Amino acid sequence: MDIKYDPTAIELKWQTYWEEKKLFQVTEDPSRKKYYLLEMFPYPSGRIHMGHVRNYTIGDVVARYKRMRGYNVLHPMGWDAFGMPAENAAIAKKVHPAKWTYENIDYMRSQLKKMGFSYDWDRELATCDVDYYKWEQLFFVRMYEKGLVYQKEATVNWCPACQTVLANEQVEAGLCWRCSSEVTTREMPGWFLKITAYAEELLEYCDRLPGWPERVMTMQKNWIGKSYGANIIFQLENSTEQIKVFTTRPDTVFGATFMTLAPEHPLAVKLSRGTPQEKTVDEFVQRVRKQDMIARTADDTEKEGVFTGGYCINPVTGARMPIFVGNFVLMEYGTGAVMAVPTHDQRDFEFAHKYGLPLIVVVQPPEGGLAPETMTAAYVNPGIMVNSGQFNGMDNEQAKRAIADYLASIQKGALAVTYRLRDWGISRQRYWGNPIPMIHCPACGIVPVPEKDLPVILPLDAEIPESGESPLPRLESFTNTACPKCAGPARRETDTMDTFMESSWYFDRYACPDCNTAPLDPAKVKYWLPVDQYIGGIEHAILHLLYSRFFTKVLRDMNMLEHNEPFTNLLTQGMVIKDGSKMSKSKGNVVDPDDLLSRYGADTVRLFSLFASPPERDLDWSDQGVDGSYRFVNRLWRLFFDHPDMIKASPAEYDPGQLTPELKRLDRKIHQTIRKVTDDIDKKFHFNTAIAACMELFNLTAGLCPVVPVGDPGRDVIKMAIDTLIVMLSPMIPHMTQEMWATMGRSDDLVDLPWPKYDPERAKEDEIQLVIQVNGKLRSRLTIAVDTDEEEIKQRALEDEKIVTFIGGAAVKKVILVKNKLVNIVI
RNA sequence: GCGAGAGUGGCGGAACUGGCAGACGCACUGGACUUAGGAUCCAGCGGGCAACCGUAGGGGUUCAAAUCCCCUCUCUCGCACCA
């Protein structure tokens, strides 16, 4: 027949067919098991990159595979469409963020379609659509009513390049998560979501998500950072005021000899008022607070502090403790005040030495001998209580509880738990985002926009100034409004929401994208959610995944949905790298999907993305490797189209018992390959080994094809092998396999074909190459029938010519036989 | 520093529960076909002439170790003054 493989034509043909037939459109069907497969939706930056190609190819194979396994598969796609780059483009290219965004979406959608992904495009959504973001405003107002939203003046992370506030999660090692600029701090009002109200549940459920990678769970647990300890109250000297501290070491309170406050602590400056230290303290506090996040949290920043002039009283010893301000104490954690126990905390130890403060040992190691004069470092291991009144002699672990109880009895403290997790600051001083539906009234204060007045529409007639600042505060048509309570003149909030808000519930909305009476349709959400398999990059291990878990719980508590966790299984795929590093313009190692598509077609690109490495590992992009995949695809094509009899309909049934040995081998290989491919995809998503197995089957088939003449009954086995390959490879290379299928005159769509089954009997080997070892070293082989009698095997092994020479005259000490594997003769 | 993961040919990567190390692919070498080959097909391909040696290095357990245990080294990722 000699038909040249022309991927572009074939791919367009089938993509059009799929689209016109709406083959991937799905609806709820209670009679079938659903499977919700989701890949993280992209930011519409302009064009898709290789990371998307890989992520979405992996997802598409799983979606198509599950569908062939009989599931009703939901596989949607959309756009995370609010965000800074649109504003940057507006300045650089003089194009409105909306126009820029929607044009990008159009182009990227066409790219995804060219890849042949099986999305239900009818569910497509863009988060910058009013019909999407208006519901988020409703959530916001309801959360406000539930006390989960509040505004406060706070020290916030500020990215000078993005000119906006960042949440704690969005600062990575002191740098902005998006642009890597150094983050500074600022005092400003902002809106916060009370994610801390869910800290305990978020933590607890970490252990109930067995389908998540261990390391993601660990990162989330560490981020939430639960610590057990106690709060302890210290009375100020000559004052009724108190300082509360949190400590994980209540057992060491008898050794607390001074106090350290965060520079932001209200008492820090107050205590020095009217003392000789006033000026020093003010200067110190000012200096530390001005430092950026990096300098302040860097490893090598020296611990320093100043005396405030104030004292407090140790509640158990009555000792007078000087109060310091220290640069290493964080206002955000605990209470912003630390009781310092220099003998049992390394930081306090160093601080005490620097400023000549007293040391009292209160936990003595089992071997004893710990004394303040000879200590070179804090002792932080377990031990026996000393210098601690009635607690002396107690094991220090027990003393934690005992001392906390004692403090409670004298009303000076209690057991306490503290989390590292902070509330989520969601205010962004940006234009291209979801407006926060709040109104500031000079008379009534903060008033939420009533639900009936929602949505607050982001005005599209705004122009972004050269400076990059948000135009909203100066846009009077937007800011001027009437107070919903008193009808007096009022001003709209001009901050917009963090774009992570939109990505925290888009997966719910996919279940009911057209619902226009409510954000979510409970019945549809109940059918589809939670997501069975979520796939995306590890870079969202905390950010997006933690926020989404939080949102799910909030929406659950608003009775919008019923499940507790959004993603049952999570696959974090590795990066696509080239020449040893991540693809980037500056390195000049970027591979453009469009180039690949025009040169090789989608099937080859998909195949290589899957074949080059298992999904969770980084993928090393290799141009020559792509050639290899292209070669395989061509060989498959030719084996089919170069043999006219292959093109004819289905193979006839044949009796495997009647086959020649070599064809029987092929029949066996077919069944073994189905088993292997099914296992690899189902259990581990290891497409690379699944494809390798298909290649093996192909190689065997192609080798046999010329030696089994047309008309020979054996052709049916060959035909069966090709048929099976087409079906099994169809999730990976859907276009060409469908073309081959149709060429055979078959009218079914491969996506709806049942996944092939294997016959375990036919997959069984009847002969085994048994390995014979002498003292654990390979010396000979023996071909035996499966399940040959053990004695017979031993006998034959010992009689083997090579083995006889190896053993020589030596006495055989032992013969170990591993069934159907090997014989090891020990001499 | 703490925590997690990884280290296998020239390269990407295979190897079930300890049982033939290197599947599959790339690169490379030789050959065939050819005006030509960056197409295709066939053969070879860890090192060593060999005995043998080989899964980062060293020790151990075992009849048998890439796989289990101990020590060391290297790389990647995460956390990093969290009281």
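First the proteins, then the strands, lettered A, B, ... as listed; each starts at 1. Computed from a prediction, not measured in an experiment: that's the story for all the values here.
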Gap separating the CG atom of A/N231 from the CZ atom of A/F246, nearest 0.5 angstrom: 7.0 Å
Heavy atoms from C-beta onward define the side chain here; which of B/A27, B/A23, B/G12 lies closest to that of A/D620? B/G12
Quick one: is B/A27 close enough that its OP1 or OP2 comes under 4.0 Å of any side-chain N or O from A/R631? yes
Any side-chain donor-acceptor pair under 3.5 Å between A/Y758 and A/Q672? no
Using a heavy-atom cut-off of under 4.0 Å over every strand shown, decide if A/N699 touches base, sugar-phosphate, or nothing. sugar-phosphate
Heavy atoms within less than 4.0 Å of RNA chain B: which residues of residues 417-424 of chain A have one? Give them sorted by number. A/R420
Starting from the 5' end of RNA chain B, give me the residue, A/S227 or A/G628, whose nearest nucleotide shows up first. A/G628
Considering only the P atoms, how many Å lie between B/C26 and B/U40, rounded to the nearest integer? 10 Å
Taking atom P in both B/A15 and B/C24, what distance in whole Å separates the two? 13 Å
What's A/K821 touching, base or sugar-phosphate or nothing? Going by heavy atoms closer than 4.0 Å. base
Looking at A/R638, does any N or O in its side chain come under 4.0 Å of the phosphate oxygens OP1/OP2 on B/C41? yes
For atom CZ of A/R781 and atom P of B/G19, their distance in whole Å: 16 Å
Quick one: label A/T248 by what it contacts on the DNA or RNA (base, sugar-phosphate, nothing), any heavy atom closer than 4.0 Å. sugar-phosphate
In this structure, how many angstroms lie between the C1' atom of B/A23 and the CG atom of A/L700, rounded? 14 Å
For A/Q773, answer base if it contacts any base atom (sugar-phosphate contacts may also be present), sugar-phosphate if it contacts only those atoms, and nothing otherwise; contact means non-hydrogen atoms under 4.0 Å. base
A/F698/A/F632 under side chain to side chain contact (heavy atoms under 4.5 Å, CB included): CA gap, chis, key distance, verdict: CA-CA 9 Å; A/F698 174 84; A/F632 174 72; 3.9 Å; yes
OP1, OP2 of B/A14 versus side-chain N and O of A/N688: anything below 4.0 Å? yes
In terms of side-chain heavy atoms of A/N824, which of B/A83, B/A64, B/G25 is nearest? B/A64
Can you find a side-chain donor-acceptor pair between A/E791 and A/Q795 that sits under 3.5 Å? no
Taking syn as within 90° of 0 and anti otherwise, name the glycosidic form of B/G9. syn
Nearest-nucleotide pick for A/T689, side chain only, options being B/A15, B/C63, B/A83: B/A15
So, A/D618 side chain and A/M575 main chain: donor-acceptor pair closer than 3.5 Å or not? yes
Under a 3.5 Å cutoff, is there a donor and acceptor pairing between the side chains of A/S613 and A/R54? yes
Is it the case that A/E767 and A/T783 place a side-chain donor and acceptor less than 3.5 Å from each other? no
Donor-acceptor pair, side chain of A/D348 and main chain of A/V341, under 3.5 angstrom: yes
In whole angstroms, how far is the P atom of B/G5 from the CD atom of A/Q573? 21 Å
Quick one: is B/C81 close enough that its OP1 or OP2 comes under 4.0 Å of any side-chain N or O from A/K303? no
Intra- and inter-strand pairing of RNA chain B, written as dot-bracket with Watson-Crick and G-U pairs under 3.5 Å and | for the latter, reads (((((((..(((......[....))).(((((.......))))).((....))..(((((..]....))))))))))))....
Between A/Y333 and A/S227, is there a side-chain donor-acceptor contact under 3.5 Å, judged purely by atom types and distance? yes
To the closest 0.5 Å, what do you measure between CG (A/L798) and CD1 (A/I825)? 4.5 Å
Looking at the side chain of A/Y333, which of B/C63, B/C20, B/C82 is the nearest nucleotide? B/C82
Interatomic distance at C1', B/A56 relative to B/A50, whole Å: 28 Å
Expressed in whole Å, how much space separates the P atoms belonging to B/G54 and B/U67? 13 Å
Could you give the distance separating B/G9 and B/A23 at their C1' atoms, to the nearest angstrom? 14 Å
Which pair of non-hydrogen atoms, one from A/H540 and one from A/M40, has the smallest distance, and what is that distance? ND1-SD, 3.5 Å
Atom-pair distance (CH2 on A/W212; P on B/G78), nearest Å: 17 Å
For A/T247, answer base if it contacts any base atom (sugar-phosphate contacts may also be present), sugar-phosphate if it contacts only those atoms, and nothing otherwise; contact means non-hydrogen atoms under 4.0 Å. sugar-phosphate
Taking for A/L822 and for A/L619 the nucleotide of RNA chain B with the nearest heavy atom, the one nearer the 5' end belongs to A/L619
Rounding to the closest angstrom, what is the interatomic distance between B/A14 and B/G22 at atom C1'? 7 Å
What is the distance, rounded to the nearest whole Å, between atom CD1 of A/I224 and atom P of B/C79? 14 Å
Would you mind classifying the nucleic acid contact of A/D627 as base, sugar-phosphate or nothing, using non-hydrogen atoms under 4.0 angstrom? nothing
Taking the side chain as every heavy atom from C-beta outward, state whether A/F258 and A/F351 have any atom pair closer than 4.5 Å. yes
Between B/G13, B/C63, B/A83, which one does the side chain of A/K814 approach most closely? B/C63
Work out how far the P atom of B/G10 is from that of B/U72, and round it to whole angstrom. 29 Å
Have a look at A/V818 and say if it touches a base, only the backbone sugar-phosphate, or nothing, with a 4.0 Å heavy-atom cut-off. base
Taking the C1' atom in each of B/G18 and B/G12, what is the distance between them to the nearest angstrom? 27 Å
Does B/A80 have OP1 or OP2 under 4.0 Å away from a side-chain N or O of A/R347? no
In whole angstroms, the gap separating C1' of B/A83 from CD of A/Q346 amounts to 13 Å
